[in-house]
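Report on the structure given below.
Letters go in sequence order (proteins before strands), and every chain restarts at 1. All of these numbers come straight from a predicted model, not from anything done at the bench.
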Amino acid sequence: MRYQRPKGTADILPGKSSHWQYIENVAREVFSKYRFEEIRTPLFENFEVFSRTSGDTSDIVTKEMYDFKDKGDRHISLRPEGTAGVVRAFVENKLYGPEVQKPFKTYYMGQMYRYERPQSGRLREFHQIGVEAFGSDEPALDVEVIAMGMDLFKHFGIHDMRLAINTLGDKPSRDAYRQALIDYLEPHFDELSEDSQVRLHKNPLRVLDSKDEQDQKFVADAPSILDYLTDDAKAHFEQVKSLLTALGIEFDVDSTMVRGLDYYNHTIFEVMVNSKALGHGYTTVCAGGRYNGLVEELGGPEVSGVGFGLGMERLLLLMEATGVSFPEEHHLDAYVVGIGDEADAATLQVVQALRQQNFSADRDYLARKPKAQFKTADRLNAAYTLTLGEAELAAQTIHVKNMASGNEVSAPITDVLNDFTKVTENID
RNA sequence: GCGGUAUUGGUGAAGUUUGGUUAACACACCGGAUUGUGGUUCCGGCACGCGUGGGUUCGAGUCCCACAUACCGCCCCA
């Protein structure tokens, strides 16, 4: 065992990879109904793309970025999340241009990288599915994105979800609230946890997210963002709520909910599930929100955006714990048993001909005895076992057995080569 | 970045407390039981080695140290 995979990475092996494909396929289907199209952006970007957008004080930038200098001395970072790269591509390719329909709706799925201590469901190389919609300030777009997220989880077979929403307001709302929060917490500075003392000046909203018991006491009585919203921000949030209600989507407003990334404003939301697989109580499986201003931050025009992301590893854990059944497609239509060296070529011809006729077919490649081959056909769950030996070669026939019924028939080899379906009709 | 636990064949693992010379048992896999049909049963095969590297000892899977990796918790988050 000389080489091991790098810390925090995983091999997705046959058997398991079909689960990933299933999730990806379901996501593509759902997204296409909402008319979101796929975008593929690089796995790495200039470091600044992420540091600008995520916020210099965010943990992602300060300690979790997987960055390095390339041979041209460029400061590169593996993408820690999907939004920044998509926004960069949106700006660079001028997708805000007049010829592109608004809103521009896109999705992505793929690897993300964060340099952190791996745990179950949290790796250094992990996978996210995410969506972004650019070019509309209308609350209806926020709601479409949220509704699509909920819809997606239903298609994954997850039903006991809870939708939590909040608003971070616009810039004036946030500034006012930020000041109110500092004013409230400052007198208790010495009683706050060490982490929160640091947060208070860097990003006071994050104190609300503290799990420290002592901190939580203060958080409970802290002023609410909802009391500091401007009229515009308030109207936006009210409309989001009423549209969600119109769609019959239940939600809880959690005024202490915040974001680890700095670029969010207005609506933010999380889809939560109560599953032991991901820890105790409700845990978040999907998070998103509105990020007006992010496009400008990366040099684009004033175009707003809203989106969400979900972690595939966590989703997989959740689906497995929930007992979601994945379609198992590794079906074998025919296994061809060849007996003796003389049958080698003919066996290969039959296998290949069956594949040409769109059947999945396999044979023995280990020169094993008939007994072992028949056992293998059974173990692989072959629908039909064909046998080709000396006697058959002499008569130019092939033996075909329906493994489910046990019925057998001898047919001309040419029949199998030309129309296997017809041959099987005689024994089904 | 911090703390805890763990690491023995393809797999599940016993053995580590009391260091002692054949690494148990089971599953899977492979071969065989009078020539070419699936199950069962029976027989046989399957770790020159106990994460890696050092050390202690007459002797180490068992003790000590370092490192690696995994899992759990913290931080944070998906």
Side-chain angles (χ1 to χ4, degrees), chain A residues 1-10 13 54 57-65 79-83 109-130 149 193-196 198-199 203 206 209-213 215 257-261 270-273 278-280 283-288 308-318 335-340 343 364 366-393 398-408 410:
Chain A
M1 292 298 229
R2 191 76 214 192
Y3 295 106
Q4 296 179 300
R5 58 180 183 264
K7 187 187 185 82
T9 61
L13 305 175
S54 297
T57 63
S58 70
D59 285 277
I60 286 188
V61 171
T62 55
K63 62 177 209 186
E64 293 173 4
M65 203 80 107
R79 61 185 188 190
E81 53 95 30
T83 302
M109 44 183 75
Q111 288 93 324
M112 305 290 159
Y113 302 85
R114 287 185 199 175
Y115 195 88
E116 63 176 339
R117 192 77 174 255
Q119 281 172 53
S120 137
R122 294 172 56 182
L123 300 170
R124 287 185 172 180
E125 179 183 63
F126 61 104
H127 300 74
Q128 272 190 354
I129 295 176
S193 68
E194 228 175 280
D195 290 321
S196 289
V198 177
R199 290 185 191 117
N203 188 349
R206 297 215 51 76
D209 215 18
S210 173
K211 274 118 203 151
D212 185 273
E213 270 184 46
D215 291 350
M257 185 164 80
V258 297
R259 273 290 101 93
L261 302 173
E270 296 187 0
V271 178
M272 313 179 88
V273 294
L278 303 177
H280 20 263
T283 49
T284 304
V285 289
C286 172
F308 68 72
L310 64 95
M312 292 179 75
E313 279 79 3
R314 286 168 69 80
L315 174 63
L316 240 356
L317 282 178
L318 177 65
Y335 189 88
V336 182
V337 173
I339 300 164
D364 173 74
L366 301 171
R368 290 188 300 174
K369 300 198 169 170
K371 171 114 181 163
Q373 294 191 44
F374 288 119
K375 273 186 157 174
T376 301
D378 181 50
R379 205 160 328 108
L380 296 180
N381 233 322
Y384 295 94
T385 299
L386 318 202
T387 309
L388 206 46
E390 247 176 86
E392 286 81 3
L393 281 176
I398 186 164
H399 203 80
V400 182
K401 178 169 181 174
N402 178 327
M403 297 297 274
S405 66
N407 295 336
E408 312 177 47
S410 188

For this session: Look at all strands and tell whether A/Gly309 reaches a base, only sugar-phosphate, or nothing, counting heavy atoms closer than 4.0 Å.
Result: nothing
Exercise. Can you name the side chain to side chain contact (heavy atoms under 4.5 Å, CB included) partners of A/Leu13, sequence neighbours left out?
Worked result: A/Asp11
Exercise. Any donor-acceptor pair under 3.5 Å between the side chain of A/Glu64 and the base of B/rG1?
Worked result: no
Exercise. In terms of side-chain heavy atoms of A/Ile339, which of B/rU37, B/rG36, B/rG38 is nearest?
Worked result: B/rG36
For this session: Could you tell me the separation between the CE atom of A/Met257 and the P atom of B/rC77, rounded to a whole number of Å?
Result: 13 Å
Problem set entry | Between B/rU11 and B/rC48 - P atom distance, rounded Å | 14 Å
Problem set entry | salt bridge (Lys or Arg N to Asp or Glu O under 4.0 Å) partners for A/Arg117, two or more places apart | none
Exercise. Do A/Met312 and A/Ile129 touch side chain to side chain, with heavy atoms closer than 4.5 Å?
Worked result: yes
Which atom pairs link the protein and nucleotides 30-34 of chain B when you take only N or O atoms and keep those under 3.5 Å?
unit_1 : atom_1 : unit_2   : atom_2 : d
B/rC30 : OP1    : A/Arg368 : NH1    : 3.0
B/rG32 : OP1    : A/Lys369 : NZ     : 2.8

Problem set entry | B/rU8 versus B/rG49 - spacing of their P atoms, nearest Å | 16 Å
For this session: Considering only atom P, compute the distance from B/rU21 to B/rC29 and round it to an integer number of Å.
Result: 34 Å
Seminar exercise, completed: Winner on side-chain proximity to A/Glu392, out of B/rG38, B/rA78, B/rG36, is B/rG36
Under 3.5 Å donor-acceptor pairs involving side-chain atoms of residues 379-387 of chain A, not counting sequence neighbours:
unit_1   : atom_1 : unit_2   : atom_2 : d
A/Tyr384 : OH     : A/Asp428 : OD1    : 2.8
A/Tyr384 : OH     : A/Asp428 : OD2    : 2.9

Exercise. Do A/Tyr335 side-chain atoms and A/Asp364 backbone N/O form a donor-acceptor pair below 3.5 Å?
Worked result: yes
Exercise. How long is the line joining CD of A/Gln111 and P of B/rA78, in whole Å?
Worked result: 18 Å
Exercise. Syn or anti for B/rG51, taking syn as within 90° of 0?
Worked result: anti
Exercise. Taking the P atom of each, how far is B/rC72 from B/rA13, in whole Å?
Worked result: 16 Å
Problem set entry | Evaluation steps, side-chain contact (heavy atoms from CB on, under 4.5 Å), between A/Arg206 and A/Val258 | CA-CA 7 Å; A/Arg206 297 215 51 76; A/Val258 297; 4.1 Å; yes
For this session: Could you tell me the separation between the CG atom of A/Leu315 and the C1' atom of B/rC77, rounded to a whole number of Å?
Result: 16 Å
For this session: Rounded off to whole Å, could you give me the CG-to-C1' distance for the A/Leu386 and B/rU37 pair?
Result: 13 Å
For this session: Rounded to the nearest angstrom, tell me the gap between atom OH in A/Tyr113 and atom P in B/rA78.
Result: 18 Å
Seminar exercise, completed: Residues passing the side chain to side chain contact (heavy atoms under 4.5 Å, CB included) test with A/Lys369, sequence neighbours excluded, are none
Exercise. Can you find a side chain N or O atom of A/Gln373 that sits less than 4.0 Å from OP1 or OP2 on B/rU37?
Worked result: no
Exercise. Quick one: which of A/Met112, A/Arg79, A/Arg314 gives a side-chain contact (heavy atoms from CB on, under 4.5 Å) with A/Gln128?
Worked result: A/Met112
For this session: Consider the side chain of A/Gln119, meaning its heavy atoms from C-beta on, and name the nucleotide among B/rC72, B/rG36, B/rC77 that approaches it most closely.
Result: B/rC72
Problem set entry | Donor-acceptor pair between A/His399 and A/Glu392 side chains, under 3.5 angstrom | no
Exercise. A/Arg79 has an atom CZ; how far is it from atom C1' of B/rC77, in whole Å?
Worked result: 17 Å
Exercise. For the side chain of A/Arg122, counting heavy atoms from C-beta on, which of B/rA78, B/rC72, B/rG36 is nearest?
Worked result: B/rA78
Seminar exercise, completed: salt bridge (Lys or Arg N to Asp or Glu O under 4.0 Å) filter on A/Arg122, not counting sequence neighbours, yields A/Glu116
Seminar exercise, completed: Against the side chain of A/Ala287, the closest entry in B/rC74, B/rG36, B/rA78 is B/rA78
Problem set entry | Per-pair stack call A/Phe126 and B/rA78, 5.5 Å, 30° | yes
Problem set entry | Gap in Å between the two C1' atoms, one belonging to B/rC50 and one to B/rG31, rounded | 28 Å
Seminar exercise, completed: Sorted by chain and number, sequence neighbours left out, side chain to side chain contact (heavy atoms under 4.5 Å, CB included) with A/Gln111 holds for A/Leu43, A/Tyr113, A/Glu125, A/His127
Exercise. Who are the side chain to side chain contact (heavy atoms under 4.5 Å, CB included) partners of A/Arg259, not counting sequence neighbours?
Worked result: A/Met257, A/Tyr264, A/Ile268, A/Glu270, A/Ala287
Exercise. So which one's nearest nucleotide on RNA chain B is more toward 5', A/Ala382 or A/Met312?
Worked result: A/Ala382
Exercise. Separation of A/Glu116 atom CD from B/rC74 atom P, in whole Å?
Worked result: 13 Å
Exercise. How far, in whole Å, is B/rA60 from B/rU18 if one measures between their C1' atoms?
Worked result: 15 Å
Exercise. What about A/Thr385, does its side chain sit under 3.5 Å from the base of B/rU37 through a donor-acceptor pair?
Worked result: no
Exercise. With a non-hydrogen cut-off below 4.0 angstrom, is A/His127 in contact with a base, only sugar-phosphate, or nothing?
Worked result: nothing
Problem set entry | Between P of B/rU37 and CZ of A/Phe374, the distance in whole Å | 7 Å
Exercise. In whole Å, what separates the P atom of B/rG38 from that of B/rA33?
Worked result: 14 Å
Problem set entry | With sequence neighbours excluded, residues passing side chain to side chain donor-acceptor pair (under 3.5 Å) with A/Asp378 | none
Exercise. B/rU34 and B/rC71: how far apart are their P atoms, nearest whole angstrom?
Worked result: 50 Å
Exercise. What dot-bracket string describes RNA chain B from 5' to 3', counting Watson-Crick and G-U wobble pairs whose defining distances are under 3.5 Å, with [ ] for crossing pairs and | for pairs to another strand?
Worked result: ((((((((.[[[..)....(....]]].(((((.......))))).....[[[[[..)....]]]]])))))))....
Atom pairs under 3.5 Å, N or O on each side, protein against nucleotides 68-70 of chain B: can you list them with distances?
unit_1 : atom_1 : unit_2 : atom_2 : d
B/rA68 : O2'    : A/Gln4 : OE1    : 3.2
B/rA70 : OP1    : A/Gly8 : N      : 2.8

Exercise. Got A/Ile398 and A/Leu388 here, is their nearest side-chain heavy-atom distance under 4.5 Å?
Worked result: yes
